[in-house]
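Quick notes on the structure that follows.
Heavy-atom basis, side chains included; hydrogens, waters and symmetry copies ignored. The structure presented is a predicted model; accordingly, all values stated were derived computationally and were not measured.
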Amino acid sequence: MSTFSAPKGIPEYLPPESASFLAVRETLADAARRAGYGYVELPLFEDTTLFARGVGESTDVVSKEMYTFADRGGRSVTLRPEGTAGVTRSVIENGLDRGQLPVKLYYSGAFFRYERPQAGRYRQLQQLGVEAIGVDDPALDAEVIAIADEGYKRLGLTGYRIELTSLGDDSCRPAYRAKLQEFLRGLPLDEETRRRAELNPLRVLDDKRPEVRDLLAEAPLMVDHLSAEAKEHYEQVKGHLADLGVEFAENPRLVRGLDYYTKTTFEFVHDGLGAQSGIGGGGRYDGLMAELGGQELSGVGFGLGVDRTLLACQAEGLTVGEQARCDVYCVPLGEVAKRRLVTVAGELRRAGVRVDLAYGGKGLKGAMKGADRSGARFALVLGERDLESGAAQLKDLGSGEQRPVPLESAVDTIREALRP
Ligand code: HAM
């Protein structure tokens, strides 16, 4: 008989880990809601052209990693590799850019990239993202960074740093790009790196090989070639971050894998994760709205990797989230007792009490083992003899104390006993 396994490179979260996964996502989402971001539920797949145009043809994400296929109507669709293009499309399509600005939205869920799987790098990855569209204010860039920082801090994380830089804008980047290319053409680089230098020279700055790093020591940097306006914007972002008490390190060689970034870009890097150390990242994208057919409006946002943030919590030994456990574990002994306790369990749940029951006709010993494992505070045991008296035994699983509880008033008594 054949068996099935999950597709390669896709993490699954089962109890008890899944409780931590949910808690990580929820803590990060809460930080976004506190700053006025409303939730948007985006399509899991969209028109392939949206990502090709929005994220950029020359990026690895678009050229190598997209899950693209023709649907039954022959349209080319792509499983979303990231969230910014979809949010921007939605803002334009729904006319939100004609209302109050900035439009502040957050999203969470799965994204898909056909990458080579390794620890912390998955083909189905989870992100919690925010986008603030329509206002070009450096204070908004700082807000976005501070939200992520606050979310990570509330999880208890300490082993990360924020790397920050400015990628300039249309008024200064083309000239800088040409200057960098000229510099790169003068280096003894291998064929593939040369090709990259022609296509996307900024990516070469991110090369991790020590021999290439040495060659790049004197490379011109964007931060030294910013226009007056881009420089002022960058200075203000840094000032606001300092006011907010958010610590950061400038990294003028920071390169992001998506084409739409302008001005502020940043990455949250965790030291306990090995090669896949980016737990989140983002930046400003002032041309994307217009690129996707909307008004000339700017945007800024981030995507935080929920999987990697969970790995970071584990690396720091943090316990995040509470296990789903019940308050009461019902132990019926015999069929008649079971019918009665199934009813009581239903009543208790309606009253807001978390209840589980020993199914499958287990004997007292086996059922009590289940009760212990469930983490419940009380076991409610009903045997044949108890049925005659109309009272079950309520056992405190911590102290071992036991007392009879009339079934008629079991809900009230148990709610009273659970009160802190
Ligand atoms: P990104 O840097 O491509 O940015 O992804 C954001 C985060 O998602 C990364 O920092 C990382 O934690 C996580 N991530 C990415 N790929 C993987 C993977 N294969 N496995 C596990 N985790 C992964 C964006 O996606 C932009 N849309 C962020 C943004 C929003 N910029 C502006 N607004």
Side-chain angles (χ1 to χ4, degrees), residues 11 24-25 27-28 31-32 59-61 65 81-84 111 113 115-122 125-130 141-167 202-210 212-213 216 219 221-223 234 237-238 240-242 244-258 260-261 263-285 300-318 320:
V24 166
R25 192 168 67 183
T27 305
L28 299 175
T59 60
D60 283 355
V61 170
E65 297 168 0
E82 61 97 56
T84 313
F111 296 86
R113 297 183 188 178
E115 296 198 71
R116 201 156 40 79
Q118 65 178 75
R121 186 165 70 195
Y122 308 125
L125 57 121
Q126 301 272 345
Q127 279 187 15
L128 184 291
V130 306
D141 305 39
E143 172 183 283
V144 161
I145 296 171
I147 291 169
D149 189 50
E150 177 62 21
Y152 290 137
K153 288 222 164 73
R154 295 238 328 270
L155 287 168
L157 285 173
T158 54
Y160 67 89
R161 63 180 181 280
I162 302 173
E163 297 194 348
L164 182 73
T165 196
S166 172
L167 290 180
L202 266 73
R203 293 297 304 274
V204 180
L205 285 184
D206 193 34
D207 204 304
K208 301 278 187 296
R209 292 171 295 179
V212 181
R213 292 206 145 227
L216 293 171
L221 297 173
M222 184 70 244
V223 284
Y234 187 38
V237 172
K238 289 189 282 183
H240 288 304
L241 286 174
L244 283 160
V246 175
E247 280 176 37
F248 59 90
E250 287 183 73
N251 176 2
R253 286 164 189 266
L254 176 65
V255 175
R256 307 262 307 127
L258 313 163
Y260 46 62
Y261 291 114
K263 296 185 186 144
T264 318
T265 47
F266 55 88
E267 211 152 85
F268 285 73
V269 182
H270 195 279
D271 289 327
L273 296 187
Q276 304 306 313
S277 57
I279 54 174
R284 181 161 276 287
Y285 44 89
V300 60
F302 64 57
L304 310 182
V306 179
D307 315 271
R308 287 192 197 164
T309 304
L310 176 59
L311 289 173
C313 290
Q314 290 165 349
E316 289 195 29
L318 298 170
V320 182

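- For an aromatic pair to be called close, the ring centres must be under 6.0 Å apart, and Tyr160 with Tyr152 satisfies this.
- Within the structure, every pair that satisfies the salt bridge (Lys or Arg N to Asp or Glu O under 4.0 Å) test and touches residues 265-279, not counting sequence neighbours, is listed here: Arg161-Asp271, Arg256-Glu267.
- Going from atom CG of Asp60 over to atom CG of Leu258 covers 10.0 Å, rounded to the nearest 0.5 Å.
- Judged by distance alone, with hydrogens and angles left aside, the side-chain atoms of Arg121 form a donor-acceptor pair with the main-chain N or O of Arg116 at under 3.5 Å.
- Under a 3.5 Å cut-off, the side chain of Gln276 and the backbone N or O of Arg308 do not form any donor-acceptor pair.
- Once rounded to the nearest 0.5 Å, the distance linking CG of Leu155 with CG of Leu310 reads 9.5 Å.
- Remark: side-chain polar atoms of Glu316 are paired, donor with acceptor, to backbone N or O of Gly159 under 3.5 angstrom.
- Applying the side chain to side chain contact (heavy atoms under 4.5 Å, CB included) test to Ala142 and every residue at least two apart in sequence or in another chain returns His240, Leu241, Leu244.
- By the salt bridge (Lys or Arg N to Asp or Glu O under 4.0 Å) test, Asp149 is found to be paired with Lys153, residues two or more places apart in sequence or in another chain being considered.
- Residues passing the salt bridge (Lys or Arg N to Asp or Glu O under 4.0 Å) test with Arg284 are Asp136, Asp141, Asp286, sequence neighbours excluded.
- With sequence neighbours excluded, no residue forms a salt bridge (Lys or Arg N to Asp or Glu O under 4.0 Å) with Arg213.
- Tyr285 meets the ring-ring contact (aromatic ring centres under 6.0 Å, His included) test with Tyr260; sequence neighbours excluded.
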